[in-house]
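What follows is a set of notes on a single structure, which appears directly below.
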Amino acid sequence: MKQQVKDLFASALERLVADGLLPGDGLLDVQVERTRDQRHGDFSSNAAMVLAKQARTKPRDLAARLVESLPPSPLIERVEIAGPGFVNIFLAPAAYRARVPKILVTGPAYGRSDVGAGKRVQVEFVSANPTGPLHVGHGRGAAYGAVVADLLAAVGFRVHREYYVNDAGRQMDILATSVWLRYLELCGEDLPFPSNGYRGDYVWDIAASLHQEHGDDYRYAGDQVCAGLPPDEPAGGDKEIHIDAVIARARRLLGDDRYRLVFDRGLKHILDDIRDDLSRFGVDYDEWFSERSLTERGAIERAIERLRAAGHLYERDGALWFRSSAFGDQKDRVVVRDNGQTTYFTSDIAYHLDKLERGFERVVDIWGADHHGYVPRVKAALAALGDDPDRLDVLLVQFAILYRGGERAQMSTRSGEFVTLRQLRKEVGRDAARFFYIMRRCEQHLDFDLDLAKSQSADNPVYYVQYAHARICSVLRQAAERGMAVDPSPGEVNLEQLTAAHEQALLKVLSRYPEVVEAAALALEPHQLAHYLRELANDFHTYYNAHQFLVEDEGLRDARIKLILAVRQVLRNGLDLIGVSAPESM
RNA sequence: GCCCUCGUAGCUCAGCAGGAUAGAGCGAUCGCCUCCUAAGCGAUAGGUCACAGGUUCGAAUCCUGUCGAGGGCACCA
């Protein structure tokens with residue numbers, strides 16, 4: 001609808017250019033906005049004020065010429081010039097009424113568009129280390145990423161959802177070693193557990209399955225495992241040095257193949273768990289991309305070579321550095337350590353290079369806000385390799401803080417007592433979790449009120465929106481019970497009876513839906529959609545309280561039912577996009 | 001110390017590619033079911049848009065600085 005109005009302005013401006021009133025360049029960005037105030041009409045353009053200088057005219061005079069040049073359209077009832085030079089558009093009531101059949105015909109596709117023009121976009125999100133179950137912090141990234149991906153798909157992008165599996169790092173070695181130590185305990189060995197190891201129950205589970213399947217095959221005597229290790233922290237040592245030594249010991253005793261087996265068992269177990277968890281949360285991926293595969297395919301070597309060839313690497317203190325500071329980073333970064341190992345950052349360069357090489361025109365990364373320091377260096381790497389860093393959008397999602405009974409719910413990581421995403425789902429349900437996670441802008445800290453998320457009241461925005469949907473279904477059931485025919489055909493007869501203020505308001509909100517979806521998608525901001533749905537539900541509830549739908553007058557009844565059918569369709573479409581169910585009854 | 005994000009009603013937040021009198025929800029106060037689900041609706045009160053400058057027809061929105069909150073500054077991942 002907005003686009004149609006925009007098009008009218010664009011052709012008006014073209015005429016003014018043809019008349020020589022305006023220069024032909026720089027006019028492409030016509031600004032047409034929904035008005036905030038009814039009295040200013042439905043749409044408003046500031047074009048005359050913006051262009052007055054170029055036209056060497058007063059804004060109001062230019063506005064007048066602009067209005068004269070607007071092509072006639074059945075969409076528009078009248079146009080007026082207001083204030084310093086705003087052109088205000090009042091739409092014809094018929095234009096709004098026509099929305100109802102449009103929505104009923106388009107159905108689930110109402111709100112979808114093709115502004116993305118089939119461009120390929122990759123959305124990478126969650127990508128938590130597979131060292132344990134997902135916690136509530138990951139949940140926000142999961143919900144946010146899933147909705148961003150769905151929004152982009154809804155406006156015509158070809159979306160590829162991807163999870164980057166950090167299956168190659170030191171944290172994974174710590175996990176593998178933790179599993180092995182627990183396994184040894186199950187075998188009856190008595191050993192101390194490193195303070196830096198993973199202590200969650202899931203580690204015991206993995207160890208138990210290992211033990212069940214392989215018996216004592218991986219068993220070594222406790223003193224053989226512990227002999228000569230540097231002391232752990234409680235014994236006055238360094239926990240990092242200690243755990244590294246334990247890892248090295250595990251590798252030596254088990255040998256590469258058997259160590260890998262333990263390692264992969266832990267990896268697979270946890271990854272399966274994460275995949276299952278996310279899937280139950282309505283979050284599914286097209287690809288689980290293995291970091292290890294980058295090494296195996298030589299992608300990391302290739303990335304280093306490309307940087308070297310481009311002259312952006314140098315050696316210092318025995319390490320190989322990338323001159324990222326030349327591309328906007330704070331300081332240069334190490335790419336190959338003095339011990340010959342590459343860094344996490346090196347993998348990241350290779351990974352992002354790989355993304356662009358796979359032909360994605362745009363890449364969206366969704367990271368925890370604690371990783372924000374990495375944005376400049378990854379962009380620096382892309383720039384250094386001649387790629388456009390603006391093809392990469394990084395969304396930084398702030399942490400979610402849980403509240404229960406007005407108190408901050410505690411969560412600590414290593415101890416294994418953290419609140420997992422699974423626990424949260426169990427407690428508040430998938431719908432509430434999804435909705436709460438995306439109702440705030442990602443840069444905002446999220447106060448997640450567990451009591452509110454569970455409450456079945458109007459205070460709870462999830463129930464509020466869902467209730468509107470259920471109410472409409474209920475009205476239709478009532479109609480059936482009373483033997484009133486419901487005609488879902490999209491005809492326009494009777495619709496001119498929708499003259500009440502509440503009906504006008506609803507029609508207007510319904511007409512805005514595609515614009516909201518587009519704006520939310522392009523800005524990568526799911527919360528816009530959540531806010532819209534609340535507003536639509538509110539307008540419906542107000543209407544419900546003010547008017548009876550199942551009235552005696554058949555024409556009026558038909559019109560009202562068609563209207564609420566349209567409302568129901570838009571509620572469904574919107575809820576579906578944010579991954580929340582639309583219940584028939586509550 | 002340097003960098004990033006944030007600062008809008010008592011609370012939680014929208015609004016920020018500049019636009020007309022700054023909006024919601026919660027909480028507070030007062031109302032609304034003989035009626036399709038009251039898991040609902042209406043009304044009232046509530047603001048120096050952190051502060052100070054600047055840019056211009058116009059600034060909550062853009063720029064600079066100050067203050068405050070959070071986060072990041074590894075040859076960890």
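A note on names: the letters A, B, ... follow the listed sequences, proteins ahead of strands, and every chain is numbered from 1.
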Please tabulate, one pair per line, each protein N/O and nucleotide N/O from nucleotides 45-47 of chain B that are separated by under 3.5 Å, including the distance.
none

Discussion item. Under 3.5 Å, is there any donor-acceptor pair linking the side chain of A/His372 to the base of B/rG72?
Written reply: no

Worksheet item: Should the pair A/Glu443-A/Arg140 be classified as a salt bridge under the 4.0 Å nitrogen-to-oxygen rule?
Response: no

Practice prompt. Would you kindly say whether A/Tyr164 and A/Asp348 are connected by a side-chain donor-acceptor distance under 3.5 Å?
Written response: no

Response to the item:
Separation of B/rU12 atom C1' from A/Ile401 atom CD1, nearest Å, is 12 Å

Worksheet item: CZ of A/Arg440 versus P of B/rG15: gap in Å, rounded?
Response: 11 Å

Worksheet item: Under 4.0 Å between a side-chain N or O of A/Arg441 and OP1 or OP2 of B/rC6?
Response: yes

Discussion item. Once salt bridge (Lys or Arg N to Asp or Glu O under 4.0 Å) is applied, do any residues pair with A/Glu301, and if so which ones, sequence neighbours excluded?
Written reply: none

Practice prompt. Using a 4.0 Å heavy-atom cut-off across all strands, classify A/Met439 as base, sugar-phosphate, or nothing.
Written response: nothing

Practice prompt. Output yes when at least one side-chain N/O atom of A/Tyr544 is less than 4.0 Å from OP1 or OP2 of B/rA38, else no.
Written response: yes

Item to complete: Using whole Å, report how far CG of A/Leu62 lies from P of B/rC57.
Response: 16 Å

Worksheet item: With a 4.0 Å cut-off on heavy atoms, is A/Ser585 in touch with a base, just the backbone sugar-phosphate, or nothing at all?
Response: base

Worksheet, complete the sentence: Between A/Asp447 and A/Val475, the residue closer to the 5' end of RNA chain B by nearest nucleotide is A/Asp447

Discussion item. Under a plain distance cut-off of 3.5 Å, with no hydrogens placed, do A/Glu240 and A/Asn196 share a side-chain donor-acceptor pair?
Written reply: yes

Worksheet item: Is the ring of A/His371 stacked on the base of B/rG72, with centres less than 5.5 Å apart and planes under 30° off?
Response: no

Fill in: Length of the CD-P vector between A/Glu33 and B/rG58, whole Å
21 Å

Worksheet item: Distance under 6.0 Å and angle within 45° of the ring axis: does A/Arg557 meet both against A/Phe549?
Response: no

Practice prompt. Under 4.0 Å between any heavy atoms, over every strand shown, what does A/Ala468 touch: base, sugar-phosphate, or nothing? Just pick one.
Written response: nothing

Item to complete: Would you classify A/His547 as touching base, sugar-phosphate or nothing, given that sugar-phosphate means primed atoms plus P, OP1 and OP2, and contacts are heavy atoms under 4.0 Å?
Response: base

Worksheet item: Less than 4.0 Å between a side-chain N and a carboxylate O, is that true for A/Arg170 and A/Asp244?
Response: yes

Worksheet item: Are A/Phe289 and A/Tyr351 near enough that their ring centres are under 6.0 Å apart?
Response: yes

Item to complete: Check whether the side chains of A/Glu124 and A/Ser127 place a donor and an acceptor atom closer than 3.5 Å, and report yes or no.
Response: yes

Practice prompt. Could you check A/Phe549 against A/Arg39 and say which one's nearest nucleotide on RNA chain B is further toward the 5' end?
Written response: A/Arg39

Worksheet item: Which label fits B/rC33, syn or anti, where anti is any glycosidic angle not within 90° of 0?
Response: syn

Worksheet item: Between the base of B/rU21 and the side chain of A/Arg36, is there a donor-acceptor distance below 3.5 Å?
Response: no

Discussion item. For a quick check of understanding: with a heavy-atom distance under 4.0 Å over all strands, which category does A/Ser474 fall into, base, sugar-phosphate or nothing?
Written reply: base

Item to complete: Kindly say if A/His541 contacts the phosphate of B/rG42, meaning a side-chain N or O under 4.0 Å from OP1 or OP2.
Response: no

Worksheet, complete the sentence: Atom CD of A/Gln444 and atom P of B/rG70 are separated, to the nearest Å, by 15 Å

Discussion item. Using a heavy-atom cut-off of 4.0 Å across all strands, would you classify A/Ala369 as base, sugar-phosphate, or nothing?
Written reply: sugar-phosphate

Item to complete: Looking at every strand, decide which applies to A/Asn129 at a 4.0 Å heavy-atom threshold: base, sugar-phosphate, or nothing.
Response: sugar-phosphate

Worksheet entry | Dot-bracket line, read 5' to 3' along RNA chain B, where crossing pairs take [ ] and | marks a partner on another strand, Watson-Crick or G-U under 3.5 Å | (((((((..((((.....[...)))).(((((.......))))).....(((((..]....))))))))))))....

Item to complete: Report the distance from atom CZ of A/Phe436 to atom C1' of B/rU12, rounded to the nearest whole Å.
Response: 11 Å

Worksheet item: Regarding A/Asn129 and A/Gln171, is there a side-chain donor-to-acceptor distance under 3.5 Å anywhere?
Response: no

Worksheet item: By centroid distance (under 5.5 Å) and plane angle (under 30°), are A/Phe86 and B/rG19 in a stacked arrangement?
Response: no

Discussion item. What is the distance, to the nearest angstrom, from the CG atom on A/Asn538 to the P atom on B/rA39?
Written reply: 16 Å

Fill in: Nearest-Å distance for atom pair CG/P, residues A/Asp329 and B/rA74
11 Å

Item to complete: Establish whether the base of B/rA20 is bridged to the side chain of A/Asn88 by a donor-acceptor pair shorter than 3.5 Å.
Response: yes

Discussion item. Given A/Asp42, which partner from the list A/Lys508, A/Lys2, A/Arg34 fulfils the side chain to side chain donor-acceptor pair (under 3.5 Å) test?
Written reply: A/Lys508

Item to complete: Report yes if a side-chain nitrogen or oxygen of A/Arg471 is closer than 4.0 Å to either non-bridging phosphate oxygen (OP1 or OP2) of B/rA38; otherwise report no.
Response: yes

Practice prompt. Give the ring-plane orientation class for A/Phe540 versus A/Tyr544, where under 30° counts as parallel, over 60° as perpendicular and anything between as tilted.
Written response: tilted

Worksheet item: Can you tell me if the side-chain N/O atoms of A/Thr35 get under 4.0 Å from OP1 or OP2 in B/rA20?
Response: no

